Amino acid sequence: MEVHSGGSGLNLGGPKPRLILASLLLAGRSVVTVDRLIANAWGEQPPPSAVNALQTYVSRLRAALGGDILARRPAGYLLDIAPGQVDAHRFEQALDRGRRLLAAGDGAAALEVLAAAQALWRGGVLSDLAEAPFAQGEILRLSELRLVAAETHAEALLAAGRTAEAVAAAQALVAEHPLRERARAHLMLALYRDGRTTEALDAYREARRLLNEEFGIDPGTQLTALEGAILRQDPALTPAHPAAAGPAHQPSPSAVQAPATTAVTGHAGQAGRVDLPADRFIGRQRETAWIHHALTEHRLLTLTGPGGSGKTRLARHACHDRGLPVHVAELAELTDATLLEATLAQAFGLAVLADLTTVAAALGDGPVLLLLDNCEHLTHELAPVVARLLADVPGLRIVATSRSPLGVAGERLLPVEPLGLAEAAELFGDRAAALSPHWQPSAEELATVRAICASVDGLPLAVELAAGQTVVLSPAQILAGLDRLEAGSLRRDLPDRHRTMRNTIDVSHRLLDDGQRDLFGRLSVFAGTFDLDAAAAVAGTGSGVILPALTGLITGSMLATVPDTSPRRYRMLQTLRQYAERGLSETDRVDLHRRHLRWISPLAAEADRGLRGPDAPHWLAVLRSAQADVRAALGHALSGADPHAGLRLAADASWFWYQRGHIAEGHRWLLGALDAAAGAAAEDRARALTGLACLRYLIGDFGGAGQAITTAVELATAGGSAATLARAHAYHTYYLALVGRGEDAAAAARDAVARSRDTGLDWLLAEALIIAGFVARLCGDSAAAASTLDESVEVGDRCGFAWAASSGLWNRAGLAVDLGDLDTAERAVRRAVRELDRHDDLTGWLTCLNLLAGILSMTGRGYDGAVLLGAVRALGGRVGYDPLRMDPLNGERTVAAVAASVTAADHAAALRQGAGLSRAEVSAFVTATDGAAPHRS
């Protein structure tokens with residue numbers, strides 16, 4: 001801290017006067033009480049002479065500063081200086097102006113302003129106040145703003161076309177702050193525009209590695225999206241007309257001065273920046289940017305969302321950075337609507353008896369921002385007041401926070417979603433560190449923290465309440481007691497409504513009408529997302545009848561819509577679901593679970609049939625959306641409510657588990673269902689056992705698969721349908737072939753094909769033909785194998801069963817490798833890879849990639865083959881699947897071909913490269929290797 005007058009530095013005296021002056025400076029133009037000044041200067045136990053000493057120091061400071069700058073007020077003292085006289089304020093104004101220039105597309109002007117803003121810094125942030133408790137919040141805030149300025153400067157360099165300088169600036173930022181994703185994004189984009197794509201992708205992978213090692217999390221969605229755009233070489237990453245990179249120049253002194261804003265006129269009190277809490281504001285970059293942009297186009301924004309989602313914090317943060325006079329009306333404690341106009345008048349610094357006409361006259365035409373906080377209980381009374389203010393005050397913009405919309409013309413809504421898992425975990429760590437600075441969480445504790453954040457849906461309030469308990473509880477204890485979340489004794493600043501999650505939800509629940517409360521309880525039975533028809537089925541009424549109550553739950557933030565879904569889907573946060581469940585009677589709970597099972601069972605049966613036809617991608621998406629509800633229904637049914645229905649549901653889900661690689665989950669549910677429904681119909685048990693055999697085959701448990709499929713054949717023979725019996729016979733044939741009983745398998749294959757033809761089901765015939773072709777190949781009859789597999793592909797294509805056509809192509813490619821026809825093999829397996837990728841199949845896709853790796857190695861592209869092999873091992877390992885264990889003909893041959901085609905060093909490097917690829921990156925890699933020349937390492 002330095003004070004200059006006429007170009008010379010002033011002597012401020014010893015430490016105490018400097019602390020007193022710093023207290024006044026950090027308060028802006030607000031009065032600081034005598035007690036506060038004494039506490040800041042002398043601490044908790046001031047000497048008896050502190051008041052007299054304070055008066056002496058103030059007199060000396062007033063003499064040094066001159067004039068009436070240091071003014072006495074009844075409650076204390078204030079420093080009457082303009083914002084432009086303080087470097088920190090000038091810096092913030094310049095940063096704000098630079099960001100607005102950048103947003104307007106004027107990169108060169110933004111660069112000049114931001115460079116001047118950074119030049120104001122002469123050292124660390126308030127380094128001489130580093131030990132002063134009262135300065136810590138401002139030190140944290142300014143430190144963050146300084147980093148934001150450096151990041152924005154790098155962004156401005158990019159916008160101005162000065163790419164090489166942007167690379168250097170971003171590299172310096174990342175070196176000092178390797179976990180800041182915005183700086184990392186600027187570095188990736190700068191490197192990409194500089195023609196250094198590989199380094200740009202390396203920068204992303206380094207961020208992912210660091211985040212995984214430090215916190216066990218992946219990069220955020222924005223950084224991941226940028227990586228994907230770089231991989232695609234998205235044209236949007238390169239400006240159509242980049243600015244010419246002119247010579248660097250010194251900014252003019254005026255560059256750091258923000259343009260003056262029009263003050264509120266008349267009797268309305270001056271407003272400054274809205275007060276912010278001292279703790280860090282984490283995440284919400286996308287929402288903050290949306291608010292800033294929306295306020296340039298619209299005059300009323302309402303931030304909606306459930307209690308505890310962080311609406312108030314986000315609104316205050318966004319308004320603080322807006323650069324307009326801000327007035328705040330806190331409405332949470334206002335229960336008498338007749339006092340609404342008086343409360344708004346007070347927010348503008350007017351007498352409480354002022355009416356809206358007086359408010360409008362006082363505000364005039366200048367730009368001003370009003371924050372209406374916690375409006376949900378007053379929306380009906382507030383709507384006409386807001387409409388009138390907007391009509392009478394042309395320069396007024398309003399940001400409101402409410403659990404439901406205000407319902408005023410021109411209102412723009414921003415649903416405030418919970419934090420993502422990474423941001424929620426960061427918030428937990430930050431708040432826990434504030435209370436327990438010496439806590440060093442282990443990897444296991446970090447995983448538990450992520451589980452806590454996931455269990456509370458990433459709701460900021462719930463995360464903060466949980467983090468506050470780390471003073472006395474371990475993360476495992478907190479996770480076990482989440483239903484008892486409440487603020488610890490160390491947080492005295494929270495209002496009662498935010499001291500427990502139950503209190504927070506109570507506020508919203510009281511605002512619902514009887515029909516909405518009833519539906520809220522009924523919808524708690526859904527474990528995942530659901531649509532209107534599902535809600536009506538479980539609630540026991542028609543979709544038209546349910547719509548008004550459903551709409552009320554959504555507008556009241558008790559339900560959320562899932563974006564980009566048609567038909568529209570809805571979800572209830574876990575914390576809200578648990579609250580709703582606790583309000584149900586035992587009779588209602590049993591009835592709802594019965595309705596839920598009756599809803600999900602036919603859906604799963606229809607999806608099982610649909611997965612074997614041209615609409616497979618649709619049904620795969622349906623089952624992915626319904627996965628949580630399938631699990632919930634299975635748990636309910638198999639716990640004793642209806643084991644036979646649970647067995648049928650497990651059998652219907654088994655093919656989905658097979659394709660998506662949910663091997664362990666499917667195995668557990670099928671075994672549990674077979675045990676619980678021991679007396680079920682032969683048809684149902686045979687279907688479930690066939691599904692179990694397929695999952696066991698995927699993990700190479702041929703003995704267990706054989707035992708299951710043999711029993712399935714026996715049951716289907718005794719009382720199964722023709723289709724169930726034919727399918728069981730086909731997979732029993734496969735088992736015979738895998739265990740070396742070639743002659744038995746050949747005879748069984750002919751029988752299975754015949755039985756499948758008799759059913760008239762093409763999808764079943766395609767499966768039987770694949771197995772028959774595999775058996776013929778195993779027995780050395782290449783001609784029969786080729787014709788049979790070709791027919792399987794033809795039948796699969798005819799009925800739209802992409803998995804069967806692709807599986808036939810995979811076997812056909814393996815046969816071509818046997819015969820040395822590598823061109824045919826590569827064409828066949830590449831088509832299979834494309835089809836399975838398009839259908840979002842995982843296990844079949846990995847199996848085909850494994851064979852493609854061998855073919856690449858056999859055709860002089862060994863390094864690429866090793867990269868693919870590394871990717872297959874890594875992606876398969878995440879779901880417990882290894883193609884080598886279920887592919888005795890191609891597996892070992894592929895591994896040997898890859899290892900023999902490259903040096904040991906290249907082999908290891910390629911495997912590592914492949915292991916670091918995501919599924920999207922693997923798909924792009926496969927496309928890039930199509931027709932490519934051999935890799936030269």
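What's counted below: heavy atoms across the whole structure, side chains too, no hydrogens, waters or symmetry copies. Keep in mind it's a predicted model, so treat the numbers as computed, not measured.
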Looking only at atom types and distance, does a side-chain atom of R162 sit under 3.5 Å from a main-chain N or O of A156, one as donor and one as acceptor?
no
When you look at CD of Q85, are more than 12 heavy atoms from neighbouring residues, nucleotides or ligands closer to it than 6.0 Å?
yes
Gap separating the CG atom of L191 from the CG atom of L201, nearest 0.5 angstrom
10.0 Å
For Y57 and W42, take the angle between the two ring planes, folded into 0 to 90°, and tell me which bin it lands in: parallel under 30, tilted 30 to 60, perpendicular over 60.
parallel
Does H327 reach the main-chain N or O of L369 with its side chain, forming a donor-acceptor pair under 3.5 Å?
no
Taking the basic N atoms (NZ, or NE/NH1/NH2) and the acidic carboxylate oxygens, is any pair closer than 4.0 Å for D373 and K311?
no
Begin with the C-alpha distance, continue with both residues' side-chain angles, and end with the deciding distance and a verdict on side chain to side chain contact (heavy atoms under 4.5 Å, CB included) for L79 and L21.
CA-CA 8 Å; L79 207 58; L21 182 57; 3.8 Å; yes
Closest approach of L157 and A169, non-hydrogen atoms and distance?
CD1-CB, 3.9 Å
Assess the residue pair I291 and L314 against the criterion (side chain to side chain contact (heavy atoms under 4.5 Å, CB included)); give the C-alpha distance rounded to whole Å, side-chain angles, the decisive distance to 0.1 Å, and a yes or no.
CA-CA 9 Å; I291 293 170; L314 171 60; 4.0 Å; yes
How many angstroms lie between CZ in R60 and CG in L70, if you round to the nearest 0.5 Å?
14.0 Å
Residue pair V113 / L101, side-chain heavy-atom distance below 4.5 Å
yes
Value rounded to 0.5 Å, distance of CZ in R431 from CD in E426
9.5 Å
In Å, rounded to the nearest 0.5 Å, how long is the span from CD of E417 to CG of L459?
10.0 Å
Any non-hydrogen side-chain atom of R97 less than 4.5 Å from a side-chain atom of L114?
no
Answer whether the closest heavy-atom distance between the side chains of I230 and L189 falls below 4.5 Å.
no
Heavy-atom nearest pair, A424 first then G458, reads CB-CA, 4.1 Å
What I want to find out is whether R205 reaches E227 closely enough, with some N-O distance under 4.0 Å, to be called a salt bridge.
no
Electrostatic pair E155:R182 at N-O distance under 4.0 angstrom
yes
Donor-acceptor under 3.5 Å (R193 side chain, L237 main chain):
yes
Tell me whether R36 at atom CZ has more than 12 heavy atoms from other residues, nucleotides or ligands lying less than 6.0 Å away.
no
With rounding to the nearest 0.5 angstrom, report the CG to OG1 distance, L147 to T152.
10.0 Å
Kindly give the heavy-atom pair with the smallest separation between A432 and A467, and that separation in Å.
N-CB, 3.9 Å
How about L301 and I398: do any of their side-chain heavy atoms sit closer than 4.5 Å?
no
Are S23 and R18 linked by a side-chain donor-acceptor pair shorter than 3.5 Å?
no
Are there more than 12 heavy atoms of other residues, nucleotides or ligands under 6.0 Å from atom CD of E444?
no
For S442, is there any backbone N or O sitting under 3.5 Å from a side-chain donor or acceptor partner on E445?
yes
When you compare the side chain of R122 with that of E2, does any pair of heavy atoms fall below 4.5 Å?
yes
Please find the pair of heavy atoms, one from A150 and one from Q118, that lie closest to each other, and give the distance.
CA-NE2, 3.3 Å
What closest approach, in Å, do L210 and P178 show between heavy atoms, and which atom pair accounts for it?
CD1-CB, 3.8 Å
Sub-4.5 Å side-chain heavy-atom contact between N374 and T312:
yes
Among side-chain atoms of D194 and T163, is any donor-acceptor pair under 3.5 angstrom?
no
Compare every heavy atom of L10 with every heavy atom of A64, then report the nearest pair and how far apart it is.
O-CD1, 3.4 Å
The single option from R180, H186, R146, R184 passing side-chain hydrogen bond (donor to acceptor under 3.5 Å, both in side chains) against E151
R180
Quick one: pull up OG1 in T33 and CG in L78 and give me the separation to the nearest 0.5 Å.
12.5 Å
For Y77 and V32, run side chain to side chain contact (heavy atoms under 4.5 Å, CB included): C-alpha distance rounded to whole Å, both residues' side-chain angles, the deciding distance at 0.1 Å, then the answer.
CA-CA 5 Å; Y77 297 91; V32 184; 5.8 Å; no
So R196 and V167, do their side chains get closer than 4.5 Å, heavy atoms only?
yes
Let me see the working for R99 and V148 under side chain to side chain contact (heavy atoms under 4.5 Å, CB included), right down to the final yes or no.
CA-CA 10 Å; R99 294 168 79 174; V148 169; 4.0 Å; yes
Compare all side-chain heavy atoms of V449 with those of P441 and state whether any distance is below 4.5 angstrom.
no
